[in-house]
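Let me begin by presenting the structure, written as structure tokens, before commenting on it.
The chain is numbered in sequence order, starting from 1.
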Amino acid sequence: MNEYTQILKVAETYVSSMYDEYKTECLHFHNLGHTKLVVKRAEEIAGHYKIDNREIFVLLMAAWFHDTGYLFVSPQLHEEKSVELMKEFATKLNMGQAETDEIAACIMVTRIPRTPANTLQKIICDADTYHLGTKDFRKYNKMIRKEFRCTAGESFSLAGFNKIIDSRNGIDV
């Protein structure tokens with residue numbers, strides 16, 4: 001087992017414990033189950049590229065941490081908080097600055113609109129939205145709507161939800 005594999009196992013445990021400790025009733029989609037699927041999909045997609053162990057490490061660390069911010073802040077600020085949480089973890093493990101910066105960039109590129117600049121960033125974006133191209137799309141869409149309804153409360157409307165989704169995808173409505 002190499003150093004990267006050990007750190008990824010610690011990250012998995014750390015992120016899983018965060019989702020257990022700071023559980024919220026509103027995260028119907030952006031929860032530990034989604035995070036685990038993003039990790040799995042990132043590994044799957046990465047398997048189609050010539051990516052070394054260090055790059056896999058960066059990618060999977062980003063996948064583990066990419067939505068942890070949802071546990072603590074509003075959806076609009078979750079990427080920044082996710083980066084902050086990842087950096088705190090990285091500091092505790094004395095991780096290198098180069099890896100930490102690359103992981104942070106992979107997390108931030110999941111913000112809509114997505115503008116990936118390299119292969120790892122493209123992979124994390126694809127892994128994060130993989131569900132859109134599956135037969136389970138409707139199920140996941142309902143989960144996302146339920147989550148938005150829970151976080152928006154009384155101000156939730158389907159038209160407003162669609163407008164937010166469209167604006168985040170760069171569609172002028």
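By the 30° and 60° cut-offs, the orientation of the rings of F65 relative to Y14 is tilted.
Checked for salt-bridge contact, E12 and K36 miss the test: no charged N lies under 4.0 Å from a carboxylate O. At a threshold of 4.0 Å, the pair K87-E84 does not count as salt-bridged, since none of the basic side-chain nitrogens sits closer than that to a carboxylate oxygen. With respect to the salt-bridge test (charged N to carboxylate O, under 4.0 angstrom), the residues R54 and E102 qualify.
With no hydrogens or angles considered, a side-chain donor-acceptor pair links D128 and H34 at under 3.5 Å. A donor-acceptor pair shorter than 3.5 Å can be found between the side chains of H78 and D67. Side-chain N/O atoms of E44 and Y130 include a donor and acceptor closer than 3.5 Å.
The CE atom of M95 sits 9.0 Å away from the OG1 atom of T91 when rounded to the nearest 0.5 Å. Here the CG-CG distance, from N141 to L132, works out to 8.5 Å after rounding to the nearest 0.5 Å. Distance check: T13 OG1 to W64 CH2 gives 8.5 Å after rounding to the nearest 0.5 Å. Interatomic distance, Q121 CD to I124 CD1, rounded to the nearest 0.5 Å: 10.0 Å. Atom-to-atom distance recorded for L71:CG and K81:NZ is 10.0 Å, nearest 0.5 angstrom. Here the SG-NE2 distance, from C150 to H28, works out to 4.5 Å after rounding to the nearest 0.5 Å.
Taking hydrophobic clusters as Ile, Leu, Val, Met, Phe, Trp and Tyr residues chained together by side-chain heavy-atom distances below 4.5 Å, V10 shares a cluster with I7. Linking Ile, Leu, Val, Met, Phe, Trp and Tyr whenever their side-chain heavy atoms come within less than 4.5 Å puts L8 and L93 in one cluster. Under a hydrophobic clustering in which Ile, Leu, Val, Met, Phe, Trp and Tyr are joined whenever their side-chain heavy atoms come within less than 4.5 Å, directly or via other members, L77 and Y22 fall into the same cluster.
The backbone N or O of Q76 sits less than 3.5 Å from a side-chain atom of R111, completing a donor-acceptor pair.
Shown here for A127 and V38, the closest heavy-atom pair between the two residues is CB-O, 3.7 Å. The two atoms that bring S82 and I107 nearest to each other are CB-CG2, 3.9 Å, heavy atoms only. Closest non-hydrogen pair, L60 versus A42, comes out as CD2-CB, 4.0 Å. The shortest non-hydrogen separation linking T35 to A63 is CG2-O, 3.7 Å. In plain terms, the two heavy atoms of C26 and E147 that are nearest each other are O-CG, 3.0 Å. In terms of heavy-atom proximity, A46 sits nearest to I56 at CB-CD1, 3.6 Å.
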Trace of the side chain to side chain contact (heavy atoms under 4.5 Å, CB included) decision for R114 with T129
CA-CA 11 Å; R114 293 175 167 91; T129 57; 3.7 Å; yes
Worked verdict on L37 versus H131 for side chain to side chain contact (heavy atoms under 4.5 Å, CB included)
CA-CA 9 Å; L37 276 175; H131 65 280; over 6 Å; no
Can you check side chain to side chain contact (heavy atoms under 4.5 Å, CB included) on M18 and L32, steps first, answer last?
CA-CA 9 Å; M18 267 198 290; L32 184 57; over 6 Å; no
Side chain to side chain contact (heavy atoms under 4.5 Å, CB included) evaluation trace for R145 with F29
CA-CA 9 Å; R145 261 198 311 227; F29 179 78; over 6 Å; no
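Between E55 and L59, every side-chain heavy-atom pair lies at or beyond the 4.5 Å cut-off. L85 is listed as a side-chain neighbour of F72, based on a closest heavy-atom distance under 4.5 Å. Between T68 and Y19, some side-chain heavy-atom pair lies under the 4.5 Å cut-off.
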